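Only a predicted model underlies this, so the values are computations on that prediction, with no experimental measurement involved. The chains referred to below are lettered A, B, ... by the order of the sequence lines, with proteins before strands, and numbering in each begins at 1.
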Amino acid sequence: MTSLRITIDPVACDAYGYCAELLPEAIVLDEWGYPMVNGQPLPAELAAAAKRAARDCPTRAITLREKKAGPRPARVSVAPRADLRRSGR
Amino acid sequence: MTHSASQAPPHGALHRLLGHPTDLAGHIETHGPLQVASRGEASWRAALMTSLEASGLAGRGGGGFPSSIKLGVVGAAGAGGTIVINGMESEPASDKDKLLLLRAPHLVLDGAQYLAAVCRASRIVMCIPAGRDTVAVAVRHAITERRTARYARVAEEMVRPPDGFVSGEESALVNFIERGLSLPVFRPDKGSPLRIGRRAALVHNTETLAHIALIARHGHEPFRARGMAEEPGTCLVTIGGAVARPGVVEVDRGVPLCDIVALGTPVDSPQAYLVGGYGGTWVAPPHFATPYASMSLRTIGATAGVGVIVVLGPAACGVAESARITRYLAGQSAGQCGPCVYGLPAVADDLALLARGSADGGLMARLHRRLGEIRGRGACRHPDGAVNLVASALNVFAADVDAHLAGTPCARSHAPTSLRFPQAVAI
Ligand SMILES: Cc1cc2nc3c(=O)[nH]c(=O)nc-3n(C[C@H](O)[C@H](O)[C@H](O)COP(=O)(O)O)c2cc1C
Ligand code: SF4
């Protein structure tokens, strides 16, 4: 059994907030617009939305990790959407 | 008995770490030469690893992480790495690293040499903040002595990152050494080692390294003979605040907090202790006899943190002092993460309102919500320290908080601060 876990890189995050729109079940914004993840493993039916949120983040601040029994979670690769990538990042 | 930089160690006091000759000749006379097997042969390396593991030594830089586990991770990452000596002592209330580097620089550097031999590192980098020149001169002198005498096996150098609360964080040090940027790095996988280039970096506090130098030479038994079975060894603690004799003491891990404070001679009966530095926790009088050990402190919701105990005297206001610390910590953010950049000043603002007795009706609910939301959301643990401090203040000074909320703050809240800050802090 694997499940996805969302990690947000707070250094990269610039509070665009798209993730909370795409995945309101797991991500809410704080009063300054920065995402808060509930830390629970993601239900399987939300995996597709989570991948979209990760791909659409303009600063690529979201990482999805597969939570397995082992100690090292594997990174799930998500192809970046070129139209949303900002130059210089 | 407390030590200050100008005093000789007192007779009869515990001085395993501080009572050493400062020069290389005296150091060698006391301890013998650096006993590093040639090319760090495998059996010697394994024996030292075993000894460190048996010692149960935990890091003295604030995190309290077992040193042998860190060494295992870095050792497994292959040869050619860097041992980073964290001599930043960014905590304003702490003096122990400065004193240790002035008194026993060779013990600290030896600890790094032993670790370099175990994990076949090829470089040792000592970090001393810019502006702290007395310490830097002593360290430079020690490094030169060791090079001239061909004593150092692995090359030792010193770098000077900017002075700031967060620049002592380990990933910020590694970032500074590699790229000249004193900023923490987000590391989702804390189980893998820090890296400089493609090689692993092992960051240790100066005191941890001094213990390692003694364990490597004399074995783990003398170390374990002190302190508690679960948390062995001695440790350095800076005592400050409302005491007649502030300074650094070496004590057994597990000694009651009040016995440590007694060494600094409190000037009046204390209201509270601040344990673990400005990112630590307040401890109330009913808990003054709690053993100075992580486990025991956890049971009362406190943390050992950095080796610091600040005594809050009866004439001070815990709410106002906490507001100043929070303001200071908020100003020290490295400015990278939203919850830290916006969250800490917001919390500091509310504490300042509370301290002045001008809280609005929603203040407490807002404060508690923000504390919960900020925790754990920075790339480094800087915001977590500030959150711990504030949460403990609301708890320990609950009666004062109520008075301040009612718009009747104590007269003590107008007293000037009894704490030490690198620059003036206004609330
Ligand atoms: C904001 C922040 C500041 C820190 N400053 C220092 C420091 O000045 N000196 C230090 O030894 N550790 C400091 N640390 C802890 C280091 O990141 C690291 O855990 C420590 O140097 C590891 O050494 P140890 O294993 O010997 O304890 C700081 C941590 C944080 C989060
Ligand atoms: S949590 Fe604060 S201090 Fe730490 S990296 Fe982020 S902004 Fe900088």
**Asked** Salt bridge between B:Arg369 and B:Glu373, side-chain N to carboxylate O under 4.0 Å?
**Response** yes
**Request:** For B:Glu91 and B:Phe165, indicate whether the former's side chain and the latter's backbone hold a donor-acceptor pair under 3.5 Å.
**Result:**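 A pair under 3.5 Å: no.
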**Request:** Using modelled atom types only, decide if a donor and an acceptor are shared between the side chain of B:His382 and the backbone of B:Leu329 within a distance under 3.5 Å.
**Result:**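 Such a contact is found between B:His382 side chain and B:Leu329 backbone.
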**Message:** Below 4.5 Å, heavy-atom pairs only: which of A:Asp9, A:Val37, A:Asp30 has the largest tally toward chain B?
**Reply:**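 Among the listed options, the one with the most contacts to chain B is A:Asp9.
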**Item:** Most contacts with chain A, counted as non-hydrogen pairs under 4.5 angstrom, among B:Gly343, B:Pro184, B:Gly378, B:Gly376
**Value:** B:Gly343
**Prompt:** So what's closer than 4.5 Å to chain A heavy atoms on B:Ala346: side chain, backbone, both or neither?
**Reply:**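 For B:Ala346, side-chain heavy atoms alone lie under 4.5 Å from chain A.
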**Asked** Do B:Glu169 and B:Ser167 meet the criterion of a side-chain donor-acceptor pair at a distance under 3.5 Å?
**Response** no
